[in-house]
Amino acid sequence: LTAPWCHAAPCVPIEGSHEPPPGVRTWYAVSLLWFPGVSRVGVGMMKPLVALALLAPSAAWQFSAEDPSTTYNFLAHGDWGDDSEGQKACAAGMGAVAAEIGATQVISLGDLFYGSGIHTPADGPDGMLRFDKTFEKVYDAPSLKKIPFYAIAGNHDHGGNVSAEIAYTENAQNLPLTGTNKWTGEPLPRTRWTFPDYWHNVTQQFEVQGKRVELEILLFDSVIMVGNTDIYDDAGNQIDELSLSELKGPPDPASHAKQLAWLEDRMKKSTADYLWLGAHYPVWAIGQDGPTGIRATIRPLLERWNANYFN
């Protein structure tokens with residue numbers, strides 16, 4: 001959270017706290033507050049869910065999930081791809097929070113399918129058997145069935161067929177969405193699972209209390225950028241796992257160059273008030289690992305374009 005959160009105005013970090021719902025494991029909650037000339041960030045210790053709220057200018061502000069005229073709310077999560085009891089509890093918690101805050105979407109930040117992604121043909125066309133087991137039947141709360149999940153791949157996904165995860169966007173099993181985003185007025189994506197390419201953007205404009213606000217989220221593949229932690233033999237069995245500081249670099253330099261050119265161009269041309277980058281690997285040190293290889297590339301971009309990163 002050391003990079004600036006606001007793209008077009010000075011930002012002042014603040015601290016806060018929030019108790020997790022009863023029976024739900026701890027998660028992270030992040031709220032972005034927009035005041036005249038200044039943005040603020042409130043962060044509460046919870047895990048593994050992120051709830052985000054964008055707010056418009058107000059002389060006096062008080063958070064209220066029941067007041068949709070003051071906040072633009074959505075969820076983000078990562079490292080979730082199984083159907084364990086813990087994952088079902090997390091999904092239930094997400095459903096409850098999404099209903100409470102009126103979440104408009106979910107950003108899925110990689111490791112969408114443990115332990116090594118989608119495997120075709122065993123997992124069915126476009127991985128639909130696996131999607132049914134660990135996505136459709138896990139994230140099944142009513143509040144989560146009517147909003148899009150914008151996805152990007154993680155290292156475990158690259159152990160399998162990421163192209164199948166992308167192709168599921170057009171699969172007939174993927175829940176159709178109807179209507180519009182109540183904030184932007186734009187039609188919702190045609191399907192709930194929205195993963196159109198290895199890198200893609202979510203750009204939205206909406207009005208809050210008479211203030212026009214633009215949010216742009218650039219989702220990119222951090223494995224394409226710096227390589228995979230998981231090492232597999234020719235039979236597809238994992239034989240080793242590198243630390244995040246030992247990554248070997250882009251497995252396909254041409255794809256890396258194409259993705260980076262897209263990322264730099266989108267950041268340069270962005271007019272968003274809030275410009276965020278989202279991917280799977282962390283920029284900063286995490287646990288016992290040192291900083292990841294994406295830090296050398298991403299940190300200068302965050303600083304140059306006054307953007308934030310979340311993963």
Side-chain angles (χ1 to χ4, degrees), residues 1-9 11 30 32 34 39 41 50 52-54 72-79 104-112 147-155 157-158 162 165-166 169 181 183-184 186 188-189 193-206 213-227 250 252 254-284 291-311:
L1 300 177
T2 53
W5 281 81
C6 179
H7 183 51
C11 302
V30 180
L32 273 65
W34 188 309
S39 292
V41 180
V50 182
L52 303 114
L54 299 184
Y72 182 79
N73 303 322
F74 62 96
L75 310 181
H77 67 161
D79 299 86
T104 59
Q105 60 205 10
V106 178
I107 309 296
S108 293
L109 294 165
D111 282 1
L112 315 172
I147 58 177
F149 280 62
Y150 295 103
I152 201 73
N155 54 302
D157 300 297
H158 277 276
V162 176
E165 298 181 14
I166 294 172
T169 300
N181 182 310
W183 282 86
T184 68
E186 296 293 325
L188 293 173
W193 180 264
T194 302
F195 190 177
D197 211 333
Y198 287 90
W199 54 87
H200 58 105
N201 68 295
V202 180
T203 304
Q204 298 165 334
Q205 295 183 350
F206 44 91
V213 178
E214 182 175 345
L215 165 69
E216 183 163 25
I217 302 174
L218 305 178
L219 298 173
F220 71 93
D221 193 315
S222 52
V223 175
I224 288 176
M225 183 170 286
V226 293
D252 181 352
S255 293
H256 164 59
K258 186 177 180 180
Q259 175 179 248
L260 183 58
W262 170 84
L263 190 60
E264 291 178 329
D265 184 62
R266 293 292 311 197
M267 296 184 76
K268 179 181 179 181
K269 295 178 179 177
S270 178
T271 59
D273 302 291
Y274 288 97
L275 176 61
W276 294 351
L277 275 59
H280 184 64
Y281 288 152
V283 172
W284 303 102
T292 68
I294 69 170
R295 177 182 175 185
T297 301
I298 295 302
R299 183 182 178 189
L301 295 179
L302 296 175
E303 294 177 344
R304 181 178 182 183
W305 302 113
N306 203 24
N308 185 64
Y309 180 82
F310 69 139
N311 72 292

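Predicted model only: the values in this text are computed from it and were never measured. Sequence positions, counted from 1, serve as the residue numbers for this chain.
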S.K.: Without swapping roles, check the side chain of T169 against the backbone of I166 for a donor-acceptor pair under 3.5 Å.
M.R.: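 Yes; judged by distance alone, with no hydrogens or angles, the pair exists.
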S.K.: How far does OH of Y72 sit from CZ of F206, to the nearest 0.5 angstrom?
M.R.: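 Here the rounded value is 5.5 Å.
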S.K.: Keeping the roles fixed (side chain from D111, backbone from N155), state whether a donor-acceptor pair exists under 3.5 Å.
M.R.: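 Judged by distance alone, yes, a pair lies under 3.5 Å.
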S.K.: Rounded to the nearest 0.5 Å, what's the gap from CG on L263 to CG on L277? Could you check?
M.R.: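 If we round to the nearest 0.5 Å, L263:CG and L277:CG are 5.0 Å apart.
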S.K.: Report yes or no: does D157 contribute a side-chain atom to a donor-acceptor pair with the main-chain N or O of G154 at less than 3.5 Å?
M.R.: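 Confirmed, D157 side chain pairs with G154 backbone.
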S.K.: Parallel under 30°, tilted from 30 to 60°, perpendicular over 60°: which one fits the rings of F220 and Y309?
M.R.: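 Plane angle between 30° and 60°, so tilted.
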S.K.: Enter the distance from L302:CG to R295:CZ here, rounded to the nearest 0.5 Å.
M.R.: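 Here the rounded value is 11.5 Å.
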S.K.: Step by step, would you call I298 with V226 a side-chain contact (heavy atoms from CB on, under 4.5 Å)?
M.R.: CA-CA 11 Å; I298 295 302; V226 293; over 6 Å; no
S.K.: NE2/H256 to CE/M225 distance, rounded to the nearest 0.5 angstrom?
M.R.: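 These two atoms lie 6.0 Å from each other.
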S.K.: Distance from I294 atom CD1 to S222 atom OG, nearest 0.5 Å?
M.R.: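 The distance works out to 5.5 Å.
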S.K.: Using side-chain heavy atoms (C-beta onward) and a distance below 4.5 Å, is V202 in contact with L215?
M.R.: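 In short, these two side chains do not touch, never coming nearer than 4.5 Å.
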S.K.: Could you check I217 against Y150 for side-chain contact (heavy atoms from CB on, under 4.5 Å), going step by step and ending with a plain yes or no?
M.R.: CA-CA 10 Å; I217 302 174; Y150 295 103; over 6 Å; no
S.K.: Does any N or O in the side chain of N201 come within less than 3.5 Å of the main-chain N or O of L218, such that one atom is a donor and the other an acceptor?
M.R.: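 No.
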S.K.: Under 3.5 Å, side chain of Y281 to main-chain N/O of G227, donor-acceptor pair present?
M.R.: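 Such a contact is found between Y281 side chain and G227 backbone.
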S.K.: Has H77 got a side-chain atom pairing as donor or acceptor with S108's backbone, closer than 3.5 angstrom?
M.R.: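 The answer is no, because no donor-acceptor pair under 3.5 Å joins these two groups.
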S.K.: Going through the checks in order, is the side-chain contact (heavy atoms from CB on, under 4.5 Å) test met by Q105 and T194?
M.R.: CA-CA 11 Å; Q105 60 205 10; T194 302; over 6 Å; no
S.K.: Is it true that a side-chain atom of H200 and a backbone atom of A151 form a donor plus acceptor pair closer than 3.5 Å?
M.R.: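 The answer is yes, because a donor-acceptor pair under 3.5 Å joins these two groups.
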S.K.: Going from CD1 on I224 to CG on D252, what distance comes out if it is rounded to the nearest 0.5 angstrom?
M.R.: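 Here the interatomic distance stands at 8.0 Å.
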S.K.: Out of Q204, R266, K269, which residue meets the side-chain hydrogen bond (donor to acceptor under 3.5 Å, both in side chains) rule with E216?
M.R.: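 Considering Q204, R266, K269, a side-chain hydrogen bond (donor to acceptor under 3.5 Å, both in side chains) with E216 is found only for R266.
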S.K.: Do W193 side-chain atoms and E165 backbone N/O form a donor-acceptor pair below 3.5 Å?
M.R.: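 Such a contact is found between W193 side chain and E165 backbone.
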S.K.: Check whether any side-chain heavy atom of L275 lies under 4.5 Å from a side-chain heavy atom of N306, and answer yes or no.
M.R.: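 Side-chain contact under 4.5 Å: no.
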S.K.: Test I152 against H280 for side-chain contact (heavy atoms from CB on, under 4.5 Å), laying out the working first.
M.R.: CA-CA 8 Å; I152 201 73; H280 184 64; 5.6 Å; no
S.K.: Can you name the nearest heavy-atom pair linking L188 to P148, along with the distance?
M.R.: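 What the structure gives for the nearest pair is CD2-CD, 4.3 Å.
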S.K.: Under the side chain to side chain donor-acceptor pair (under 3.5 Å) test, which residues partner D221, sequence neighbours left out?
M.R.: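 Here the qualifying residues are H158.
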